[in-house]
Amino acid sequence: MSTPQSREQWQQMADALSINGQAFIDGEYCSAVSGDSFDCISPIDGKVLVQVASCDLADADIAVANAREVFERGDWAQMAPVKRKQVMIRFAELLEQNQQELALLETLDMGKPIAHSQSVDVAGAARALRWSGEAIDKIYDEIAPTAHNEIGMITREAVGVVAAIVPWNFPLLMACWKLGPALATGNSVVLKPSEKSPLTAIRIAALAIEAGIPKGVLNVLPGFGHTVGKALGLHMDVDTLVFTGSTKIAKQLMVYAGESNMKRVWLEAGGKSPNIVFNDAPDLKQAASAAASAIAFNQGEVCTAGSRLLVEAGVKDELIKLIAEEMQAWQPGHPLDPNTTCGAVVDKQQLDNVLRYIRSGIDEGANLVQGGQQVMAQSGGVYVEPTIFSGVNNQMTIAKEEIFGPVLSVITFDGMDEAISIANDTIYGLAAGVWTADISKAHKTAKALRSGMVWINHYDGGDMTAPFGGYKQSGNGRDKSLHAFEKYTEIKATWIVL
């Protein structure tokens, strides 16, 4: 099928699309036990896409029981690694074969540009599944150095039942960052997508069965955090809970684990990432282009967004001017237009939140350089201009709190020591960028930054081989890379006297 080339062609496909809003338990689509559902509203135009099953404790009990049963039976957990690898690769291929449908669901549901849904979200999700699948028969266990009459084996085993709670900003991609290693290591998974963007998670459940993943291994429970999310957090038969989302909810999930069975909890939470530009940045225009992209891509709804731009005094004025020019390429447009780079924010609540932060910046004395307004209101959707503030200090609300919108705070510094001090003065520690032509300065700054990821002379680099995660209240554990497999396995030591 050829790729639609215009907004009108994508709209025709959307009009013909059959959208499923049901839960998926034990290999079958089903309604919530209660029969409850909620409206899935597109942020593009405010229209209802479908009624989505609103799962709660009863559904969680059924899904976890099925996941446990198939795990104990060994249908997936004890499948030969080479066979499990083949199934995972087939799962990835099915995402690629259904790319247009999945991209369309993602855009309609969450508001991101259709071009990005295809090239970033669906493509990246397929890569994540394939990469994890390829790793299955390439990871070896260990033998301890022992006396000649002893053997010490250190092996890794699947933890059992994994509950995965994923966010609304990259619904499919974040799901597959977790499904890849969780399934590859032989676990059963109960996936809880955000109520704001559940549609792709619901759709890929059927693709998993088509790929050959046994019934009950992957279950999908749409619903709200305070109902089914809480039920999974407190469930006594969930062995591990993995989460991507806000720091506030991450902390609550840790409490739930302590109140229940001490399940392992792995968290990828918030960020307020510094993007540091020194006077000797090798290409100021490139730095400006990256700074604009770092805050406007995905409407700023990115945990690693470069929301704090730290600029050395000597290049501040020129850099701000260049970023303002670059922002012209990031003005909001209709998400189904293939030329759109900045779409709708996820819903009215998030729009109001972003606008509240913009007012806060003005009230606290920051200088509004550009943007700051709601736009395209006549569409019925929720759109906001990318916004630049200068004259920001690290004590202002817009510099301290994660906005999750296209709002850039420019903070001036003098010298490396002050840049590092400002950058680290945050409860978060997810990511950072450093722009300098001095390799020594780059290394010293990177070492001093309390961040899980540091990008030198670019922003948001890396691939599936690089771990993704942060320090401090940005969470624990890592997604991507072989390090992600550690979250989904238990270590067993077996000692044999011959």
Chi angles and distances behind the side chain to side chain donor-acceptor pair (under 3.5 Å) call for Asp283, Trp435: CA-CA 9 Å; Asp283 187 333; Trp435 298 79; over 6 Å; no
Are [X] and [Y] close enough for a salt bridge, meaning some N to O gap below 4.0 Å?
X      : Y      : answer
Glu28  : Lys215 : yes
Asp347 : Lys196 : yes
Lys138 : Glu134 : yes

Looking only at atom types and distance, does a side-chain atom of [X] sit under 3.5 Å from a main-chain N or O of [Y], one as donor and one as acceptor?
X      : Y      : answer
Asp39  : Ile41  : no
Arg84  : Ala184 : yes
Asn187 : Tyr488 : yes
Asn298 : Glu301 : yes
Ser451 : Val454 : no
Ser289 : Lys285 : no
Thr387 : Glu385 : yes
Glu326 : Leu322 : no
Asp45  : Ser379 : no
Asn219 : Leu191 : no

[Y] side chain reached by [X] side chain, heavy atoms, under 4.5 Å:
X      : Y      : answer
Glu157 : Thr489 : no
Pro43  : Val382 : yes
Met79  : Gln86  : no
Tyr383 : Val345 : no
Val407 : Ile358 : yes
Ile25  : Cys30  : yes
Gln299 : Pro113 : yes

Check: Trp177 ring centre within less than 6.0 Å of Phe468 ring centre: yes
is_close_aromatic(Tyr471, Tyr428), centroid dist under 6.0 Å: no
Worked check of side-chain contact (heavy atoms from CB on, under 4.5 Å) between Trp10 and Thr3: CA-CA 9 Å; Trp10 279 110; Thr3 301; 4.1 Å; yes
Results of side-chain hydrogen bond (donor to acceptor under 3.5 Å, both in side chains) for Asn339 - residues two or more places apart only: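 side-chain hydrogen bond (donor to acceptor under 3.5 Å, both in side chains) check on Asn339 returns nothing, list empty.
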side-chain contact (heavy atoms from CB on, under 4.5 Å) between Met88 and Leu183, worked out: CA-CA 8 Å; Met88 290 294 294; Leu183 294 173; 3.8 Å; yes
Steps toward salt bridge (Lys or Arg N to Asp or Glu O under 4.0 Å) verdict (Asp141, Arg156): CA-CA 7 Å; Asp141 289 319; Arg156 284 190 174 270; over 6 Å; no
CA sep, side-chain torsions, deciding dist, call: Met327, Ile295, side-chain contact (heavy atoms from CB on, under 4.5 Å): CA-CA 10 Å; Met327 281 296 191; Ile295 195 61; 3.3 Å; yes
Taking atom [atom1] of [X] as the centre, report whether more than 12 heavy atoms of other residues, nucleotides or ligands fall under 6.0 Å from it.
X      : atom1 : value
Lys447 : NZ    : no
Lys230 : NZ    : no
Arg7   : CZ    : no
Met254 : CE    : no
Arg450 : CZ    : no
Gln349 : CD    : no

Point-to-point distance, once rounded to the nearest 0.5 Å, from [atom1] of [X] to [atom2] of [Y]:
X      : Y      : atom1 : atom2 : answer
Glu96  : Arg130 : CD    : CZ    : 4.0 Å
Asn66  : Asp26  : CG    : CG    : 4.0 Å
Thr107 : His334 : OG1   : NE2   : 10.5 Å
Leu309 : Leu319 : CG    : CG    : 5.5 Å
Cys40  : Leu49  : SG    : CG    : 5.0 Å
Ile114 : Gln100 : CD1   : CD    : 8.5 Å

Do you know which two heavy atoms are closest between [X] and [Y], and how far apart they sit?
X      : Y      : answer
Pro386 : Cys342 : CG-SG, 4.5 Å
Ala115 : Pro338 : CB-O, 3.7 Å
Leu430 : Cys303 : CD2-O, 3.4 Å
Pro335 : Ala344 : CG-N, 4.0 Å
Ala92  : Leu129 : CB-CB, 4.0 Å
Ala432 : Tyr459 : C-CE1, 4.2 Å

CA sep, side-chain torsions, deciding dist, call: Asp239, Arg264, salt bridge (Lys or Arg N to Asp or Glu O under 4.0 Å): CA-CA 7 Å; Asp239 298 297; Arg264 288 123 180 90; over 6 Å; no
Hey, can you tell me if [X] and [Y] have their rings parallel, tilted or perpendicular (30° and 60° cut-offs)?
X      : Y      : value
Phe24  : Tyr29  : perpendicular
His458 : Trp455 : tilted
His116 : Trp330 : tilted

Salt bridge (Lys or Arg N to Asp or Glu O under 4.0 Å) between Glu401 and Lys272, intermediate numbers included: CA-CA 7 Å; Glu401 298 183 10; Lys272 197 68 184 175; over 6 Å; no
Full working for side chain to side chain donor-acceptor pair (under 3.5 Å) between Ser117 and Glu106: CA-CA 6 Å; Ser117 290; Glu106 204 81 319; over 6 Å; no
Modelled atom types, side-chain donor and acceptor of Lys472 and Thr426, under 3.5 Å: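 There is no such pair between these side chains.
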Test log, rule side-chain contact (heavy atoms from CB on, under 4.5 Å), inputs Lys112 and Phe170: CA-CA 9 Å; Lys112 66 178 62 194; Phe170 292 94; 3.2 Å; yes
